[in-house]
Colleague: 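Sharing a structure, written as structure tokens. Questions coming.
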Amino acid sequence: MRTFYIFKINNDYYKLTKNMPYNLYKALLNIKLGTKENITYLKNEYNSLVDKYNKIELNKYIYGKMSKLDGYNLFNSVHTFNSYYTNEASKLIVNNSYMILKTNTITPYFLDYLEDIPNLFLIDFEKGDYFYLSNLINI
């Protein structure tokens, strides 16, 4: 099971890091590994990198795209998709400033519907994988 954190990077920082995502990965990793002593600094840094989601609109958007699919369910802000055909089991949790995608597959179905949202940056902190969703779609 892999866990991806999905951030919506603001336009200015996207322009700086679209060709060098490693710098963005390291900045977000440093924020994640930060301590309570420098929480104010880390919060300011995080807010300068990331745009917040409109949680209600994003949940409506995902639901509108996936509601007719077999195996899809929404409860509160947790979207689940269990495909009987591909054995995919994925869960997408929508928060105000990031999303969490837990999946057992390399290419989760949720990514097909999130590609319309610009500047999404995905990180698997455990494996050290990171990429812009737009770069994955272009491959």
Side-chain angles (χ1 to χ4, degrees):
M1 186 68 82
R2 297 197 63 180
T3 302
F4 290 97
Y5 291 81
I6 305 173
F7 303 96
K8 186 175 189 301
I9 305 303
N10 70 41
N11 284 331
D12 294 333
Y13 210 80
Y14 171 75
K15 290 174 187 173
L16 289 172
T17 62
K18 66 182 176 183
N19 295 324
M20 298 177 297
Y22 177 75
N23 295 336
L24 179 57
Y25 165 71
K26 290 304 279 185
L28 290 168
L29 181 62
N30 287 334
I31 292 169
K32 181 182 185 300
L33 299 176
T35 61
K36 289 182 180 181
E37 288 80 34
N38 54 5
I39 192 84
T40 303
Y41 170 75
L42 296 173
K43 182 180 174 186
N44 290 338
E45 183 179 1
Y46 181 79
N47 289 333
S48 72
L49 301 175
V50 176
D51 286 338
K52 293 189 183 260
Y53 296 110
N54 182 333
K55 187 175 176 177
I56 294 169
E57 290 299 317
L58 185 56
N59 282 322
K60 285 180 185 177
Y61 171 77
I62 295 169
Y63 180 79
K65 292 284 191 174
M66 297 188 72
S67 62
K68 293 191 173 37
L69 298 176
D70 288 338
Y72 172 77
N73 189 22
L74 170 63
F75 181 73
N76 289 334
S77 292
V78 179
H79 304 261
T80 56
F81 181 69
N82 295 302
S83 173
Y84 308 109
Y85 309 110
T86 62
N87 293 327
E88 175 183 345
S90 296
K91 180 189 296 187
L92 180 68
I93 304 165
V94 178
N95 296 306
N96 287 327
S97 60
Y98 64 94
M99 292 184 275
I100 300 174
L101 175 61
K102 296 182 179 187
T103 184
N104 67 344
T105 184
I106 296 170
T107 55
Y109 206 60
F110 284 113
L111 296 183
D112 292 341
Y113 295 105
L114 295 176
E115 70 184 12
D116 295 335
I117 302 170
N119 307 345
L120 290 185
F121 190 68
L122 286 77
I123 300 177
D124 181 348
F125 287 110
E126 185 178 315
K127 305 260 189 221
D129 290 341
Y130 55 91
F131 53 91
Y132 277 105
L133 184 56
S134 59
N135 291 348
L136 179 67
I137 303 304
N138 291 335
I139 295 175

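Keep in mind the model is a prediction, meaning the values are calculated, not measured. The figures here come from the full heavy-atom set of this structure, side chains too, leaving out hydrogens, waters and symmetry mates. Here, residue 1 is the first one in the sequence, and each next residue gets the next number.
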Colleague: Evaluate the side-chain proximity of L111 to L120: yes if any heavy-atom separation is below 4.5 Å, no if none is.
Modeller: no
Colleague: Is it true that atom OH of Y98 has more than 12 heavy atoms of other residues, nucleotides or ligands lying nearer than 6.0 Å?
Modeller: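 Check fails, neighbour count at 12 or below.
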Colleague: Just so I know, are the side chains of Y22 and Y130 near enough to count as touching, which here means a heavy-atom distance under 4.5 Å?
Modeller: yes
Colleague: On a heavy-atom basis, which atom in N38 and which in G34 lie closest, and how many Å separate them?
Modeller: OD1-C, 4.2 Å
Colleague: Apply side chain to side chain contact (heavy atoms under 4.5 Å, CB included) to residues L114 and I62 and explain how you reach the verdict.
Modeller: CA-CA 8 Å; L114 295 176; I62 295 169; 4.1 Å; yes
Colleague: What salt bridge (Lys or Arg N to Asp or Glu O under 4.0 Å) pairs are there with at least one residue in residues 46-55, not counting sequence neighbours?
Modeller: none
Colleague: Would you say V50 and I9 make side-chain contact, with heavy atoms under 4.5 Å?
Modeller: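 Yes, at least one pair of side-chain atoms sits under 4.5 Å.
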Colleague: Between CG of L24 and CG of L29, what distance do you get to the nearest 0.5 Å?
Modeller: 11.0 Å
Colleague: Should we count CD1 of I39 as having more than 12 external heavy atoms under 6.0 Å?
Modeller: yes
Colleague: Are the side chain of N59 and the backbone of I56 linked by a donor-acceptor contact shorter than 3.5 Å?
Modeller: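 A pair under 3.5 Å: no.
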Colleague: Do Y13 and N119 have side-chain heavy atoms sitting under 4.5 Å apart?
Modeller: no
Colleague: Hey, does Y109 have a side-chain heavy atom less than 4.5 Å from the side chain of S90?
Modeller: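 Of all side-chain heavy-atom pairs linking Y109 with S90, none is under 4.5 Å.
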Colleague: Is the shortest side-chain heavy-atom distance between T80 and F75 below 4.5 Å?
Modeller: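 Sidechains of F75 and T80: no contact.
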Colleague: Can you confirm whether more than 12 heavy atoms, excluding those of I106, are under 6.0 Å from its CD1 atom?
Modeller: no
Colleague: Could you walk me through whether L49 and I31 satisfy the side chain to side chain contact (heavy atoms under 4.5 Å, CB included) test, starting with their C-alpha distance in whole Å, then the side-chain angles of each, then the deciding distance to 0.1 Å, before giving a yes or no?
Modeller: CA-CA 11 Å; L49 301 175; I31 292 169; 4.0 Å; yes
Colleague: In chain order, what residues pass the ring pair (Phe, Tyr, Trp, His ring centres under 6.0 Å) check against Y41, with sequence neighbours excluded?
Modeller: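 Y41: no ring pair (Phe, Tyr, Trp, His ring centres under 6.0 Å) contacts found.
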Colleague: Assess whether side chain to side chain contact (heavy atoms under 4.5 Å, CB included) is satisfied between I123 and K32, documenting all intermediate values.
Modeller: CA-CA 11 Å; I123 300 177; K32 181 182 185 300; over 6 Å; no
Colleague: To check you understand the geometry: which heavy-atom pair defines the closest contact between Y113 and K65, and what is its length?
Modeller: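 Between these two residues, the closest heavy atoms are CD2-CB, 3.4 Å.
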Colleague: Closest heavy-atom contact between Y53 and L58?
Modeller: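 Closest approach of Y53 to L58: CD2-CD2, 3.7 Å.
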Colleague: With distance as the sole test, does N95 use its side chain to make a donor-acceptor pair with the main-chain N or O of S97 at under 3.5 Å?
Modeller: no
Colleague: If you define the side chain from C-beta out and look only at heavy atoms, does anything of K8 sit under 4.5 Å from I117?
Modeller: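 Of all side-chain heavy-atom pairs linking I117 with K8, at least one is under 4.5 Å.
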Colleague: Can you name the nearest heavy-atom pair linking T35 to E37, along with the distance?
Modeller: OG1-OE1, 3.0 Å
Colleague: Rounded to the nearest 0.5 Å, what separates atom CZ in F7 from atom CG in L122?
Modeller: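 If we round to the nearest 0.5 Å, F7:CZ and L122:CG are 9.5 Å apart.
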Colleague: Let me see the working for Y63 and H79 under side chain to side chain donor-acceptor pair (under 3.5 Å), right down to the final yes or no.
Modeller: CA-CA 8 Å; Y63 180 79; H79 304 261; over 6 Å; no
Colleague: Evaluate K43 against N47 for side chain to side chain contact (heavy atoms under 4.5 Å, CB included), listing each step before the verdict.
Modeller: CA-CA 6 Å; K43 182 180 174 186; N47 289 333; 3.7 Å; yes
Colleague: Report the distance from atom CG of N30 to atom OH of Y46, rounding to the nearest 0.5 Å.
Modeller: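 Answer for the CG-OH pair, N30 versus Y46, is 14.5 Å.
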Colleague: For D129, which residues count as a side chain to side chain donor-acceptor pair (under 3.5 Å) partner, sequence neighbours excluded?
Modeller: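 For D129 the side chain to side chain donor-acceptor pair (under 3.5 Å) partners, ignoring immediate neighbours, are R2.
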Colleague: Please give me the minimum heavy-atom distance between Y72 and S67, naming the atom from each residue.
Modeller: CD2-CA, 3.8 Å
